[in-house]
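Read the structure below first, then the notes.
Counting from 1, the numbers follow the sequence of the chain as shown. Atoms within a ligand are numbered from 1 in the order they appear, just like the ligands themselves. Note that this is a predicted model, so its numbers are computed, not measured.
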Amino acid sequence: MQFTDLGLCAEIQRAVAEQGYDTPTPIQQQAIPAVMTGRDLMATAQTGTGKTAGFTLPILHRLASGPNDRLTRISKAPRVLVLVPTRELAIQVEESVRTYGKHLPINSLAVFGGVGINPQIANLRRGVDILVATPGRLLDHLQQRTVDLSRIEIFVLDEADRMLDMGFIRDIRKVIALLPKQRQNLMFSATFSPEIRELANSLLHNPASVDVAPRNTAAETVTQRVIETDREKKKALLCHLFETRGWHQVLIFARTKHGADALARTLDKAGIKAAAIHGDKSQGARTRVLSEFKEGKLVALVATDIAARGIDIDALPYVINYELPNVAEDYVHRIGRTGRAGMEGEAISLVCHDERANLRDIEKLIKRSLERVVIEGFEQSAQAAPRPVQPPRGGRKPAQQPGRAPAKKAGAGKSDGQRAHRSGTRHH
Ligand code: AMP
């Protein structure tokens, strides 16, 4: 697909060509046609995906080709409002608008705090079509009645997850309450947490949804390894890794809420300060656990995939897949939590026999095979052990052979590794 296939008006196509772009990025391919039709949009995309042009181009197209074009309109009030969390982003987005709209008679302005308000007021008076704003300064303007939001046709909430992290939710709601009911809404977020979902539900009507997987390139700064082991050795192996490697700030993924809780308890008992974070925890508990983890009071955080989407921690050094996800794309989401912003990161997956198919799917998706590592004492046995979660009828322990002593190495027992490990260490 080429930009010329998207049906953007000639002036915009010219500006895009002048930038040297001929192929739209995945988010642009999906978002541009949806926004051009006037639909609401929910897009999960990070910076670097081309998301800014993904909304700027179709918005410019709508303004330029709609009935209310600049030649016929009377009001000087803005028609588009883009709300962003930071002044840097405000400047960047407004620059994009300028770049792509340079052959169109469309005015834009960025307003943000930390600078004088009077020049902004003067610019607003002259007339602005596209207003890019941070919430605080926008509210200042609203209070002083120096901006009129009653003509907004398109509202964009950019980096919504960061806005929530920064505590802007009430400001956002105040702004939304002042917008005309009839409008197009676009929302962008790097993550899709329950809070983002809630905000999206209240803001968007029948949205088109676009999900651009996190940059697979994140993997380039992340060392990815697989430790082949047995399911029942995993807990002991994890404790061993903590003890021998002096880990801190480790995000561990478990498949289920129950599994996450159990693992956090095990680690805690082993003297590794840990907590679990998942959908059953209250918002308050999640916020507390997360800040303890960020401050380093917790060494390990055990999370489910869903809960982790809302976690934004810069430069997380380690991600551990205690269990591989069922969906290969989730692996990419998981390891995207480390190696951010060019920092080195390490992602380790503990893989047992019955996860081999999941591993194959992941390697197919990321188009590379992952390095295998064997840790002495925790080697994968030649055959898969029966799964302890599926006891045979009658509730008997599977494959437990009476009279057979647990193997000497910690966690080498086949039926219930954790117990074998504990009794093993006690006897030593
Ligand atoms: P963003 O994700 O919006 O911050 O954009 C990331 C960078 O990609 C910006 O520097 C854009 O100028 C650039 N960019 C946006 N769209 C394209 C495209 N279709 N082809 C090449 N580069 C692009």
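In the candidate list Gln28, Lys51, Gln19, Gln28 is nearest to atom 16 (N) of ligand 1, counting heavy atoms.
Tested against His141, the residues Asp148, Leu149, Leu131, Leu124 include a single side-chain contact (heavy atoms from CB on, under 4.5 Å) partner, Leu124.
The CE atom of Met163 lies 9.0 Å from the OG1 atom of Thr134; values are rounded to the nearest 0.5 Å.
Atoms of ligand 1 lying under 4.0 Å from any heavy atom of Thr49, numbered from 1 in the order shown and given with element: 2 (O). When each atom of ligand 1 is checked for a heavy atom of Phe3 under 4.0 Å away, the hits are 19 (N). Counting atoms of ligand 1 from 1 in the listed order, those under 4.0 Å from a heavy atom of Thr23 are 18 (C), 19 (N), 20 (N).
With a 4.5 Å cut-off on side-chain heavy atoms, Phe3 and Ile32 count as touching. Under the 4.5 Å side-chain criterion, counting only non-hydrogen atoms from C-beta, Val115 is in contact with Arg87.
The protein non-hydrogen atom at the shortest distance from atom 6 (C) of ligand 1 is Gly48 CA, 3.7 Å. The shortest contact between atom 3 (O) of ligand 1 and any protein heavy atom is with Thr52 OG1, 2.6 Å. In terms of protein heavy-atom proximity, atom 8 (O) of ligand 1 is nearest to Gly50 CA, 4.6 Å. In this structure, the protein non-hydrogen atom closest to atom 11 (C) of ligand 1 is Tyr21 OH, 3.4 Å.
Using cut-offs of 30° and 60° for the angle between ring planes, the Trp247 and Phe242 rings count as perpendicular.
No side-chain donor from either of Gln28 and Tyr21 sits under 3.5 Å from a side-chain acceptor of the other.
Residue Leu6 comes nearest to Pro24 through the heavy atom pair CD1-CG, 4.0 Å, listed as atom of the first residue, atom of the second, then distance.
When distances from atom 14 (N) of ligand 1 to the protein are checked, a heavy atom turns up under 4.0 Å.
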